[in-house]
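Working notes, beginning with the structure itself.
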Amino acid sequence: VQLQASGGGLVQAGGSLRLSCTYSGRTSSKHAMGWFRQAPGKEREFVGAINWTGSRTDYADSVKGRFTISRDNAKNTVYLQMNSLKPEDTAVYYCAARTALSQLRYGGDYWGQGTLVTVSS
């Protein structure tokens, strides 16, 4: 599975941004898709994930109520809508894929390159 993330940029605190991740390859395996982030000097952390059908999601406590994950399998794309952004959301965001949603928060089997999100105060 190949993943390509995009949509990062500079936004003011309180603003919104939407990231996209397109996937290709073994999509017939029906992977769950997720997002992670890594801030400067910190370890990579789980942000959220969605199962193949889009019927179930999983979020980190730090983003619940602010971030929403969705997917369009017809377009082979997963989205991360980020609202009410805070300076502490500044990080490189990575998309990842794994067969089981329940395991994705611990890491992906496949990773895309990162896209930088910078939130200014």
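Bear in mind that the values here come from a model prediction, so they are computed numbers and not experimental data.
Residue pairs meeting the disulfide (SG to SG under 2.5 Å) criterion with at least one partner in residues 78-121, sequence neighbours excluded, are Cys21-Cys95. Pairs of residues two or more places apart, or lying in two chains, never qualify as salt bridge (charged side-chain N to carboxylate O under 4.0 Å, His left out) while including a residue from residues 77-88. Each disulfide (SG to SG under 2.5 Å) pair with one or both residues in residues 35-91, not counting sequence neighbours, would appear here, but there are none. Residues in residues 38-53 take part in these salt bridge (charged side-chain N to carboxylate O under 4.0 Å, His left out) pairs, two or more places apart or across chains: Arg37-Glu45. Residue pairs satisfying the disulfide (SG to SG under 2.5 Å) criterion with at least one member in residues 31-92, sequence neighbours excluded, are absent. Among pairs with a residue in residues 3-12, none fulfils side chain to side chain donor-acceptor pair (under 3.5 Å), at least two apart in sequence or across chains. Identified under the salt bridge (charged side-chain N to carboxylate O under 4.0 Å, His left out) test for residues 51-65, with sequence neighbours left out: Asp58-Arg105, Asp61-Lys64. Sequence neighbours left out, not one pair with a member in residues 67-85 passes salt bridge (charged side-chain N to carboxylate O under 4.0 Å, His left out). Listed by first then second residue, pairs satisfying disulfide (SG to SG under 2.5 Å) with a partner in residues 45-74 number zero, not counting sequence neighbours.
With contacts defined as side-chain heavy-atom distances shorter than 4.5 Å, the pair Leu101/Trp52 does not qualify. Between Trp35 and Ile50, every side-chain heavy-atom pair lies at or beyond the 4.5 Å cut-off.
No path of Ile, Leu, Val, Met, Phe, Trp and Tyr side chains, each step under 4.5 Å between heavy atoms, connects Val92 with Phe67, placing them in separate hydrophobic clusters. A chain of hydrophobic side-chain contacts below 4.5 Å, direct or via other Ile, Leu, Val, Met, Phe, Trp or Tyr residues, connects Tyr59 to Tyr93.
The main-chain N or O of Gly54 is found under 3.5 Å from a side-chain atom of Asn51 such that the two form a donor-acceptor pair. Side chain of Arg98 to backbone of Ala32: no donor-acceptor contact under 3.5 angstrom is found.
Under the ring-ring contact (aromatic ring centres under 6.0 Å, His included) criterion, Phe36 pairs with Phe46, Trp111, sequence neighbours left out.
Note: Leu19 CG to Ile69 CD1 = 10.0 Å, rounded to the nearest 0.5 Å. A distance of 11.5 Å separates CZ in Arg18 from OG1 in Thr68, rounded to the nearest 0.5 Å.
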Return a table of donor-acceptor pairs under 3.5 angstrom between the side chains of residues 113-121 and protein atoms on other chains or two or more places apart.
residue, atom, partner, partner atom, Å
Gln113, OE1, Ala5, N, 3.4
Gln113, NE2, Ala5, O, 2.7
Thr115, OG1, Gly8, N, 3.0

Anything under 3.5 Å between a donor and an acceptor, one on a side chain of residues 78-85, the other on a protein residue two or more places apart or in another chain? List them.
residue, atom, partner, partner atom, Å
Gln81, NE2, Asn83, OD1, 2.9
Asn83, OD1, Ser16, OG, 2.9

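Ala49 approaches Leu104 most closely through the heavy-atom pair CB-CD2, 3.6 Å.
Ring geometry, Tyr110 versus His31: the interplanar angle exceeds 60°, so the pair is classed perpendicular (tilted spans 30 to 60°).
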